[in-house]
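Dropping a structure here in structure tokens format, bear with me for questions.
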2 protein chains.
Amino acid sequence: MSYEDTISALADPTRRVIIDRLRSGPLAVGAIADGMPISRPAVSQHLRVLSDAGLLTVTPSGNRRLYAIAPDGVDELRRYLDTLWDDALAAFARAAEEKAKGNPT
Amino acid sequence: MSYEDTISALADPTRRVIIDRLRSGPLAVGAIADGMPISRPAVSQHLRVLSDAGLLTVTPSGNRRLYAIAPDGVDELRRYLDTLWDDALAAFARAAEEKAKGNPT
DNA sequence: ACGAATCGTAAGCAATGACTTACGGTAAGT
DNA sequence: ACTTACCGTAAGTCATTGCTTACGATTCGT
């Protein structure tokens with residue numbers, strides 16, 4: 001639910017592939033696992049991690065379960081990176097100023 | 001150098017603490033490790049990972065080495081999340097439309 | 001009602017990674 | 001010159017985690 005879980009969930013390459021497959025829309029587990037070099041249960045475990053991190057939503061549809069990307073989960077990590085970005089730029093500008101003051105050509 | 005390295009570098013909690021300590025400006029290794037529950041060599045190893053991922057820059061200053069956040073590295077991951085965010089929103093809207101069409105109250 | 005399909009979970013195993021201690025190398029202080 | 005301070009690297013250990021196989025539960029088709 002927090003951005004920490006989100007980023008650690010996205011750290012795994014296989015899970016990023018899963019996310020990529022869901023970019024165009026919701027898919028069932030079988031469709032996600034199809035063509036992947038790992039077993040279907042392994043995909044299920046990854047889907048579990050992604051869901052727990054708030055990156056995916058599940059909607060049971062009869063026999064199958066459709067997974068879809070949850071925009072809210074992505075946004076949480078996005079906001080963290082924005083604050084990091086702002087601080088990094090400010091620190092960078094400050095350091096450049098310090099250097100210009102201490103070493104005026 | 002790619003966003004994959006960036007995200008896997010940020011996945012570790014200790015490395016995020018290091019990043020947080022550098023938000024206000026560059027620091028030497030000793031200053032970063034000070035007060036941390038792990039040894040200084042462990043911090044050095046984390047700094048190495050963060051540098052390789054393009055998240056930190058190093059500037060040797062006499063006896064010490066100053067580490068600072070590299071805005072470019074943060075931006076790379078930010079852009080990835082932006083595209084993911086866009087696709088997620090589009091897929092979400094499309095799914096909502098499908099549902100409205102298939103199930104008109 | 002019965003068999004097939006879809007999916008989650010449990011247990012066990014191998015690989016990755018984070019930490020410690022020990023060491024070497026360079027710069028600063030006296 | 002010699003000692004001290006600062007830092008990176010190497011080797012080894014232990015926990016984490018991603019994978020497979022096996023199994024059980026629910027739903028669809030006939």
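Proteins get letters first, then strands, A, B, ... in listed order; numbering begins at 1 in each. Treat the numbers as computed from the prediction; the structure is a model and nothing was measured.
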Checking A/Phe92 against B/Ile69 for the side-chain contact (heavy atoms from CB on, under 4.5 Å) test, could you report, in this order, the C-alpha distance in whole Å, the side-chain angles of both residues, the deciding distance, and whether it holds?
CA-CA 8 Å; A/Phe92 191 81; B/Ile69 301 180; over 6 Å; no
Just verifying a value: how many Å separate A/Leu56 CG and A/Leu66 CG, rounded to the nearest 0.5 Å?
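Reported to 0.5 Å precision, the distance equals 12.0 Å.
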Just by distance, do the side chain of B/Arg23 and the backbone of A/Ala91 share a donor-acceptor pair under 3.5 Å?
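Looks like no, no N/O pair under 3.5 Å.
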Between B/Arg65 and D/dG8, is there a contact of a side-chain N or O with OP1 or OP2 at under 4.0 Å?
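Result: yes.
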Figure out the CG/P separation between A/Asn63 and D/dT27, and round it to whole Å.
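Rounded to whole Å, this separation is 8 Å.
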Without decimals, in angstroms, what is the distance between A/Asp52 CG and D/dG18 P?
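Result: 13 Å.
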Residue mapping more 5' on DNA chain D - nearest nucleotide basis, A/Ser61 or A/Thr14:
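Result: A/Thr14.
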Nucleotide D/dC19, atom P - distance to CZ of A/Arg48 in whole Å:
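It works out to 17 Å between those atoms.
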Mind calculating the distance between CZ (B/Arg64) and P (D/dG8) to the nearest angstrom?
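About 12 Å, once rounded to whole Å.
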When rounded to the nearest 0.5 angstrom, what is the spacing between OG1 in A/Thr6 and CD in A/Glu76?
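Rounded to the nearest 0.5 Å, the OG1-CD separation comes to 5.5 Å.
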For A/Ala42 and A/Ile38, work out which heavy atoms get closest and say how close.
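Between these two residues, the closest heavy atoms are CB-CD1, 3.8 Å.
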Reading DNA chain C 5' to 3', which nucleotide is the first, and which the last, to come under 4.0 Å of any heavy atom in chain B?
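From 5' to 3', the first and last contacting nucleotides are C/dA18 to C/dA28.
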Between A/Arg15 and A/Pro41, which residue's closest nucleotide on DNA chain D lies nearer the 5′ terminus?
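Whichever sits nearer the 5' end wins; that is A/Arg15.
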Give the angle between the helix axes at the two ends of the helix from C/dA1-D/dT30 to C/dT30-D/dA1, taking five base pairs at each end and rounding to 10°.
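Angle reported: 30°, given to the nearest ten degrees.
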What is the distance from CG of B/Asp12 to P of D/dT16, rounded to the nearest Å?
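After rounding, the gap between these two atoms is 13 Å.
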Counting distance only, does the side-chain N/O of A/Arg15 pair as donor-acceptor with the main-chain N or O of A/Leu10 below 3.5 Å?
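Looks like no, no N/O pair under 3.5 Å.
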With a 4.0 Å limit, can you tell me whether B/Tyr67 has a side-chain N or O closer than that to the phosphate oxygens OP1/OP2 of D/dC6?
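For D/dC6, OP1/OP2 do not have a side-chain N/O of B/Tyr67 under 4.0 Å.
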Nucleotide D/dC19, atom P - distance to CZ of A/Arg40 in whole Å:
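Rounded to whole Å, this separation is 14 Å.
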Of residues 16-23 of chain A, the positions that come close to DNA chain C - non-hydrogen atoms, cut-off under 4.0 Å
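Heavy-atom contacts with DNA chain C come from no residue of residues 16-23 of chain A; none.
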Is any side-chain N or O of B/Ser44 closer than 4.0 Å to OP1 or OP2 of D/dC7?
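B/Ser44 to D/dC7 OP1/OP2: no side-chain N or O under 4.0 Å.
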Between D/dG18 (P) and A/His46 (NE2): distance, integer Å
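The distance from NE2 of A/His46 to P of D/dG18 comes to 6 Å, rounded to the nearest Å.
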Would A/Tyr80 end up clustered with B/Val74 when hydrophobic side chains under 4.5 Å apart are linked, directly or stepwise?
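Looking at the clustering, B/Val74 is in the same group as A/Tyr80.
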Working to the nearest 0.5 Å, report the span between CG of B/Leu84 and CG of B/Leu89.
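With rounding to 0.5 Å, CG (B/Leu84) is 9.5 Å from CG (B/Leu89).
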So, A/Arg40 side chain and A/Ala33 main chain: donor-acceptor pair closer than 3.5 Å or not?
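Side chain of A/Arg40 to backbone of A/Ala33: no pair is present.
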Is it the case that the side chain of B/Arg78 and the backbone of A/Arg78 share a donor-acceptor pair, with hydrogens and angles ignored and the cut-off at 3.5 Å?
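Checking the backbone N and O of A/Arg78 against the side chain of B/Arg78, no donor-acceptor pair under 3.5 Å is found.
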Is A/Arg16 paired with A/Asp20 through a side-chain N to carboxylate O contact shorter than 4.0 Å?
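Salt bridge: no.
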Show your working on salt bridge (charged side-chain N to carboxylate O under 4.0 Å, His left out) between A/Asp52 and A/Arg48 and close with a plain yes or no.
CA-CA 6 Å; A/Asp52 286 348; A/Arg48 161 94 164 161; 3.7 Å; yes
